[in-house]
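Okay, handing you the structure first.
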Amino acid sequence: MPGESVSTSTDTDQATAGAPVPYREMTADHYAREFTREAQALAVDDDTTVLSGSCPRCGCSFTFTYRPRAFRRPRRGPRVREIAVMCTCTTEHEGRPAGEEGCGAYWNVRLEDL
């Protein structure tokens, strides 16, 4: 459930007993692996992919929309298969700057792993 942690990770920032973690911009080697266990990817079109899953740091559910470019132009080279993902949950995290989303966690995901 959002805000709960069932992971055996040693990340001391993870939520415990339903308490949200404070905002902190950070990453860890295990974030991508934990996210891809149950995350889902939906290709909206050739350039847009929507990822949904739970944040490996705070445990909250979220969706992340990946668009590799803002303007259309001829494609050069192979399509990028690894993307940067960040937590975009709506749970309140103490210390989160105004206008920001999520808990501050970020990681890279290979689309082949989803």
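We number each residue from 1, following the sequence as shown.
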Can you name the side-chain contact (heavy atoms from CB on, under 4.5 Å) partners of Thr90, sequence neighbours left out? none

ILVMFWY cluster, Val85 and Leu42 together (side-chain gap under 4.5 Å): no

Side-chain heavy-atom pair Arg57, Cys103 within 4.5 angstrom cut-off: yes

Spatial distance of atom CD (Glu38) from atom OG (Ser61) [nearest 0.5 Å]: 9.5 Å

Atom pairs and distances, donor-acceptor, side-chain atoms in residues 107-114, under 3.5 Å, two or more places apart:
from   : atom 1 : to     : atom 2 : distance (Å)
Arg110 : NE     : Asp113 : OD2    : 3.4
Arg110 : NH2    : Asp113 : OD1    : 3.1
Glu112 : OE2    : Arg81  : NE     : 2.7

Apart from Val44 itself, residues in the same hydrophobic cluster as defined by side-chain heavy atoms under 4.5 Å: Val50

My understanding is that only residues two or more places apart in sequence, or in another chain, count here; which of them pass side-chain contact (heavy atoms from CB on, under 4.5 Å) with Glu25? Tyr23

Grab the two heavy atoms, one from Tyr31 and one from Ala105, that are nearest each other, plus how far apart they are. CE2-CB, 3.9 Å

Which residues satisfy the ring pair (Phe, Tyr, Trp, His ring centres under 6.0 Å) test with Tyr106, sequence neighbours excluded? none

Is a donor on one side and an acceptor on the other found under 3.5 Å between the side chain of Thr36 and the backbone of Arg33? yes

With heavy-atom distances below 4.5 Å as the criterion, would you say the side chains of Cys55 and Phe62 are in contact? yes

Does the side chain of Cys89 reach to within under 4.5 Å of the side chain of Cys58, using non-hydrogen atoms? yes

Are Leu51 and Thr65 packed together at the side-chain level, in the sense that at least one heavy-atom pair is separated by less than 4.5 angstrom? no

Pairs flagged by salt bridge (charged side-chain N to carboxylate O under 4.0 Å, His left out) wherever residues 95-108 is involved - sequence neighbours left out: Glu92-Arg96

Let me confirm one number: the CZ-OG distance from Arg37 to Ser54, rounded to the nearest 0.5 Å. 12.0 Å

Within-4.5 Å side-chain heavy-atom neighbours: His93 and Val21: yes

